[in-house]
2 protein chains.
Amino acid sequence: MLLPSPQQLRYLVALADHGHFGRAAAACAVTQSTLSAGLIALERQLAAGLLERGTAVKRPVFTPLGLELVARARTALAALEAVAETAAIARDPLSGPLRLGIIPTISPFLLPRLMPALRQAYPRLRLWLREDLTERLVAGLDAGKLDLLILALPAAGNMETLPLAEDAFHLALPRGHHLAARDPVPISALSGERLLLLEDGHCLRDHAEAACGLPRNLAATAEEGFSATSLHTLVQMVAGGLGVTLLPQLAIHGGILGDAPVDIRRLSGAATPGRMLALAWRPRSPRAAEFAGLAPTVAVALG
Amino acid sequence: MLLPSPQQLRYLVALADHGHFGRAAAACAVTQSTLSAGLIALERQLAAGLLERGTAVKRPVFTPLGLELVARARTALAALEAVAETAAIARDPLSGPLRLGIIPTISPFLLPRLMPALRQAYPRLRLWLREDLTERLVAGLDAGKLDLLILALPAAGNMETLPLAEDAFHLALPRGHHLAARDPVPISALSGERLLLLEDGHCLRDHAEAACGLPRNLAATAEEGFSATSLHTLVQMVAGGLGVTLLPQLAIHGGILGDAPVDIRRLSGAATPGRMLALAWRPRSPRAAEFAGLAPTVAVALG
DNA sequence: GAGCATGATCGATGGAACCGATTGAAACCT
DNA sequence: AGGTTTCAATCGGTTCCATCGATCATGCTC
């Protein structure tokens, strides 16, 4: 079978991305004439119409087949890149740019310890960071805008995960709260309390609800329409006596309490309540082995 | 990023397949010098050692990285082929070679009706047939040796499936059997009977056991170490009074009984006992839409 | 040690990819 | 309506590289 040239596929993808011959050509670092001729050659070779010719108005219009081929061209180019990338990584592992996504309930407690450790262990690693909710990180991973995630399981998405460490949930109480007399506090004892959690979208909220056996999204927020947007504000709300909350061990260990008048108690229940911190990457990523090599360093920084 | 050329990747894959420079070159329709130079250029471009040079004795020896890259090169080439194939199919759907796998409990009852219908509807389709157990068909599909399967669900494997028609199980009894007095016969009434099934490996056995609520692989065989290898022999064993069995509607409709002294009764139970006949193909196959277009013709042939 | 098989190397060549300039056509502005 | 702008297709000329055929180097076999 006669294969299309990668260069021509690049032209096709670039045209789809930019919607303009000249700009697409510039993005490919060729002249417009080259790109135009390349696409015509591709159409001729595939014996298929990719663009609506003749009715040319302002923007190039793809045929349905053209759009389908754009998508397939993207995956083919990605597969070719994977070949080159695999070789590049074998040549020089854990160096170069790495786009890392971290969820907000891990980031502030991990990064201050992780970054220096990584700088020392892998000085040639150029780390780009993005903090966001799990859902958006996974979308970024899928779209190829992120290479590696640090998140909490269980999490939905098409990715390979590598568990790092269990992160237990503890109960945070306003000082003097009657539950503080018990340690550990059985989860069932929380049923009468006002449980404060992060606003919807944070996986910590889902995991905490699951740990308490609550149906999803039914935990109380402090007031209607007002919910905590970070663990730090959540702690302040608990300190203010608005309710109780669950805090991950990682955050407590990271000093989130400060001087706030909040007491911490262990929890007991059917299963140990908590979440699993993990690395995640695209399935069959060329850098999978590389990422797995990072796991010990991250695990140490998790404490 | 500088991409490797498809041609060089073909050289790499061909060398891995043939284990010999000369034969690999012949398979690529180039001279040995061209292939050799191409691989050296690839090594230089990727700045990676793919072959154990110097110690070259009888056969080329790949480095671990080389083997990894061979695998990635295969997927990259397959992705490029998918681009070309998508265009070819759009140009001329349902023509050319199609390698079809069918399980033995469908094949003899479907093909006599399906083949003429396909020949008439798609005269340019060149159909290659393979009859085998589900497991081996799925393996062939994965390996790219088959394009399309006709099988019975539920079935395990990495594939997209398109349900065609329900195929109900009926009870086959030796003439004069006491259960023949009832119609339908409740599944629970089978518990005292000797239930004959196909030998292990046939999905029909698994599905029939599931329909009867039996744990897997516990149905009786006629004698220890002797089990039926086809539905036709199974019918003869029932006719001989060795026990009872379940037959799919498709087989009965296909005339499997002939003149054998066997009575057929409907079955009743919690769920309608039966299996789902379906088409199956590789996920994201360029020909997915094409295959789905075959479904009506196959469904009609199923009766 | 002669003979053979295998893979690397070399010089020549044809074709493909590319560029810069130009043309042709449609849309926009006044 | 007419001039202007924008955009894609086309053309001629140049460069570069994959390929070929032939030769060389090496290690195994008899």
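Proteins get letters first, then strands, A, B, ... in listed order; numbering begins at 1 in each.
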Legend entry - Greater than 12 external heavy atoms within 6.0 Å of E135(B)'s CD: no
Inset, instruction - Identify which one of I103(A), L111(A), L277(A), L114(A) satisfies the side-chain contact (heavy atoms from CB on, under 4.5 Å) criterion when paired with I150(A). - result: L114(A)
Legend entry - Nearest-nucleotide pick for I40(A), side chain only, options being dT9(C), dA9(D), dG7(C): dA9(D)
Legend entry - Between dT26(D) (P) and L51(B) (CG): distance, integer Å: 19 Å
Legend entry - Contact check, side chains of L129(A) and M115(A), non-hydrogen atoms, under 4.5 Å: yes
Legend entry - Atom-pair distance (CD on E43(B); C1' on dT9(C)), nearest Å: 15 Å
Legend entry - Side chain to side chain, L51(A) and F21(A), heavy atoms closer than 4.5 Å: yes
Inset, instruction - May I ask you to check whether over 12 heavy atoms, not counting those of R99(A), lie within 6.0 Å of atom CZ? - result: yes
Legend entry - DNA chain D contacts among residues 22-39 of chain A, heavy-atom distance under 4.0 Å: G22(A), Q32(A), S33(A), S36(A)
Legend entry - Ion pair check, D92(B) and R124(B), cut-off under 4.0 Å: yes
Legend entry - Between P of dA8(C) and CG of L42(B), the distance in whole Å: 13 Å
Inset, instruction - Quickly work out the F21(B) CZ to dG7(C) C1' distance and round it to whole Å. - result: 6 Å
Legend entry - DNA chain D-proximal residues of residues 4-13 of chain A, any heavy atom under 4.0 Å: none
Inset, instruction - Please state how far atom CZ in R44(B) lies from atom C1' in dT9(C), giving the value in whole angstrom units. - result: 14 Å
Legend entry - Rounded distance in Å - CG (L50(B)) to P (dA8(C)): 12 Å
Inset, instruction - Answer yes or no: are there more than 12 heavy-atom neighbours, outside R136(B) itself, under 6.0 Å from its atom CZ? - result: no
Legend entry - Ionic contact status for D17(A) with R10(A), cut-off 4.0 Å: no
